[in-house]
Amino acid sequence: MNNMFPSRRDFRDLRRQFFDDTFDQVLGEAGNFKTDIIEDDKEYTVEAELPGMDKENIELDYHDNILSISGKQESETNEEDKERNYIRRERSSRSFSRQFLIRDVDEDNISASFENGILEVKLPKKESGKSENKRIDIE
């Protein structure tokens, strides 16, 4: 049966042809990055994949039990061909921001490193004494 109305698949294919898959990938990955959070007895370790980013463009903040990772990367490409009177100049900007709830962290001893596109943040746990049960009298 031939339907005169386009299907969802037709619209997806048209969108892909119009915008190109690489355009979708750039927009889709700009605000998102892969992150692992590992916990052991002494600390939490956050590992974030930020390929192509410069350390100077990454910001870290820990406030009210929230670890925030954000940044911005800008690039510019210039090409000229005097013989053909062809000039091309492209600029792109990529920004990201993510937040993670991580409780009971010793804020004064948080450390971070960035190597080969991997951001590693060490969040030591607070030294906490064993909590004792307290009996509450009902009046």
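We number each residue from 1, following the sequence as shown.
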**Message:** Would Val46 and Ile69 count as a side-chain contact (heavy atoms from CB on, under 4.5 Å) here? Give the steps.
**Reply:** CA-CA 10 Å; Val46 177; Ile69 303 173; 4.3 Å; yes
**Request:** Mind running side-chain contact (heavy atoms from CB on, under 4.5 Å) on Val121 and Leu60 for me, showing each step along the way?
**Result:** CA-CA 9 Å; Val121 185; Leu60 288 174; 3.9 Å; yes
**Message:** Run Asn65 and Ile102 through side-chain contact (heavy atoms from CB on, under 4.5 Å) and show every step you take.
**Reply:** CA-CA 5 Å; Asn65 297 317; Ile102 304 175; over 6 Å; no
**Request:** Would you sort out whether Thr35 and Phe100 count as a side-chain contact (heavy atoms from CB on, under 4.5 Å), showing the intermediate values?
**Result:** CA-CA 10 Å; Thr35 307; Phe100 305 93; 3.8 Å; yes
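Cluster annotation: Leu123 and Ile37 are assigned to the same hydrophobic cluster (Ile/Leu/Val/Met/Phe/Trp/Tyr, side-chain heavy-atom contacts under 4.5 Å, transitive).
The salt bridge (Lys or Arg N to Asp or Glu O under 4.0 Å) test applied to Lys55 returns no partner, not counting sequence neighbours.
Within the 4.5 Å cutoff, no side-chain heavy atoms of Val105 are placed close to those of Lys126. No side-chain heavy atom of Phe33 sits less than 4.5 Å from a side-chain heavy atom of Glu49. Lys34 places none of its side-chain heavy atoms less than 4.5 Å from the side chain of Glu47.
Partner Phe96 forms a side-chain contact (heavy atoms from CB on, under 4.5 Å) with one of Lys72, Met53, Gln73 and no other, that one being Met53.
Residue pairs meeting the salt bridge (charged side-chain N to carboxylate O under 4.0 Å, His left out) criterion with at least one partner in residues 101-117, sequence neighbours excluded, do not occur; the list is empty.
Proximity of a side-chain donor or acceptor of Asp40 to a complementary backbone N or O of Lys42 within less than 3.5 Å is detected.
A cation-pi geometry, defined here as NZ or CZ lying under 6.0 Å from the six-membered ring centre and within 45° of its normal, does not hold between Lys122 and Tyr44.
Atom CG of residue Asn109 and atom CD of residue Glu43 lie 10.5 Å apart, to the nearest 0.5 angstrom. Taking CG from Asn57 and OG from Ser70, the interatomic distance works out to 10.5 Å, rounded to the nearest 0.5 Å. Here the CG atom belonging to Asp36 is positioned 11.0 Å from the CD atom belonging to Glu120, to the nearest 0.5 angstrom.
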